[in-house]
Number of protein chains: 2
Amino acid sequence: MSQTPKQSAERPVPTSADVARLAGVSRATVSYVLNNTSAVRISEPTRRRVREAAEELGYVPHAAARSLRAGHTRMVLLPTAHVPVGPLYSQFFNELQWALRRLDYTVVQYGSLGLEGDEAARAWAELRPVAVVSFGEVALTRHSVDVLKRSGAKAVITLGPRRVEGAHSLVMDQSEIGSCAVSHLVARGRRAIGVVMPEQPGLELFSEPRLEGARRAASVTGARIEPLPLSYDEESAAALAARWRELELDAVYAYNDEHAQLLMRALQDADIDVPGATAVIGADDLLLGRLLRPRLSTVHIDMVTGRRLAELVDGMVREPGDEPEIHDLMGARAVHRESS
Amino acid sequence: MSQTPKQSAERPVPTSADVARLAGVSRATVSYVLNNTSAVRISEPTRRRVREAAEELGYVPHAAARSLRAGHTRMVLLPTAHVPVGPLYSQFFNELQWALRRLDYTVVQYGSLGLEGDEAARAWAELRPVAVVSFGEVALTRHSVDVLKRSGAKAVITLGPRRVEGAHSLVMDQSEIGSCAVSHLVARGRRAIGVVMPEQPGLELFSEPRLEGARRAASVTGARIEPLPLSYDEESAAALAARWRELELDAVYAYNDEHAQLLMRALQDADIDVPGATAVIGADDLLLGRLLRPRLSTVHIDMVTGRRLAELVDGMVREPGDEPEIHDLMGARAVHRESS
DNA sequence: TTGAAAGCGATACCAC
DNA sequence: GTGGTATCGCTTTCAA
């Protein structure tokens, strides 16, 4: 026998009418009291009666009813497909949520794994969010942005490698990272540079532009770029290392620090000297890079702060007309250690 | 000048009444058509007219209005404070979301960073979720569970180290992990065992029970347990390594593989032989452990599958009376490699 | 200072 | 087959 013998299962959810009845006032008065409506003066005894009644019944207002009446919500929707991994991403995410809530928004992540563009947009639009901040995990189209805006979204913001028509796109130029890495390697005299392309689904959104940036940086200097597909496991890395000498590369940009660790280990196990025979550089500047031997060179990434983005959202909600710009969205700089 | 010259900003959001007007039918008919109501037969031409009108207006139904009318939602709320990091957690999370959506639930993560028990529960209850699955990042009390249930939540499930009164608690016994690690070390002849306690906020929910498990395992065999506070940076690790000899430990359970990597590096830099002088074991069985030298021993953790948990949620929603049990929630087993 | 009532958008019963 | 209409819970204008 449970401690709460289904008292809750049967009993209907209390409404403001129940509170009004118990307090012996009208529903209007309940609303005034619980929302501290300043335009109306309610006597202190009444206020107390209402509050006590609400407390006793365990009354919680119904957000749907409220926003239906109000004609708008304060919900900011963050679609997520794959839960982002990595400290950079999660810190940014936490900051954003925190800052938005301080601005009195309700932050909601909508699990959209497996939803495609328009289908996803419809699902989000049903909730009538006042703003949508997408991280590019779900591909948005011009049309889906329109659906969202027509459903009342004041701000549709995409962060990601690609620009999305109709939305306020904050382009995080991933190509800058690849470019940065390759420039660093070239500056240190390398001329035949591998670029690791992770095979993990979802990462191509980042890896493709990074490769493109690598190519751009290489083309200026006449260095050769060689894409290297790699899945995140030891076998794949060992296989790549086994054919390393025939690739005739003298450097590799390994997508990020974790892939760099994997590949560097495999290279060392195959008796390829790092950085003597092959220089290695990662990206993200994780702590683990400093723990490796040789210490891993990397590309440090500065992301826009969540607070900054929250202010952008708020601005767009309050003044849908003007679209403020954020420029220094993402910075990248090479950090030289020992592996390059 | 923008491509969409604020056409959307002014134009009101289309409702089913607008669709009805455009299609020349009543709102009822619109509802029937768009919901494929089988109890009512609508002629094909009418259906087409309605669909076309909806399409043309970009009509998206209003979830709040619908659920207000229906008296319930299909929303499963997953409160999140810190975005969970680590592949184990995120895979589980993705699975759960995916499985719930297949069961036709709307999965919503509610960013609750900085909210405390009752305040959080109220905020969640306003959305009238049909189920809440909490990962223990926000401390729930008996009272907050009641608030949720009284607001109509059919299932309140907590996953985490602690049991929560009133909720259906799936206790993930973290102590098993610490116990497992220490048993392994003891079995290999170690008697003075350090247990790393990460100082990162939020982790104490996991580290405390793991320490407790370590103590339990040690007490049977007379081994000594020494808690070792450590923050996740090189300085802290170096400081710990510097006073390592005076601690007179012959083994350490380093909380997880990442902390193990950090500490092992510091120990090696301080000329402490691993595993000769000190054995090291981590937890989580991450790939990185296999890349270290010596290869890192670890505790492999099997989590309940998201699909399994989704079915539990669904069951509780459909039959609020009975509460099915899940037992083999989390398994832990030591994996011996080279560091221990 | 308080109450009555309209209305937000969608649905489902009951007539026609 | 299709159309009126009451209803969900809440806020807010207007009257008392």
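Chain naming here is simple, since letters A, B, ... match the order of the sequence lines and numbering starts at 1 in each.
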Give a yes or no on whether a donor-acceptor pair under 3.5 Å exists between the nucleobase atoms of D:dC10, that is its base, and the side chain of A:Y32. no
Would you classify B:V40 as touching base, sugar-phosphate or nothing, given that sugar-phosphate means primed atoms plus P, OP1 and OP2, and contacts are heavy atoms under 4.0 Å? base
Go through D:dT2, C:dT2, C:dG9 for me and flag the one nearest to the A:T29 side chain. C:dT2
Ranking D:dG9, C:dA4, D:dT11 by distance to the side chain of A:A28, first place goes to C:dA4
For DNA chain C, which residues in residues 42-53 of chain A have a heavy atom at a distance below 4.0 Å? A:I42, A:S43, A:T46
Would you mind reading off the distance between B:H62 atom NE2 and D:dC10 atom C1', rounded to a whole angstrom? 13 Å
Rounded off to whole Å, could you give me the CZ-to-P distance for the B:R27 and D:dG4 pair? 10 Å
Rounding to an integer number of Å, can you tell me how far A:R66 CZ sits from D:dG9 C1'? 11 Å
Nearest to the side chain of B:L68, which nucleotide is it out of C:dG3, C:dA10, D:dC8? D:dC8
Pick the closest DNA chain D nucleotide for A:P61 and for B:R69 by heavy atoms, then say which residue is nearer the 5' end. B:R69
Donor on one side chain, acceptor on other, A:S151 and A:W124, under 3.5 Å: no
Can you measure A:L127 atom CG to C:dA10 atom P for me and round it to whole angstrom units? 13 Å
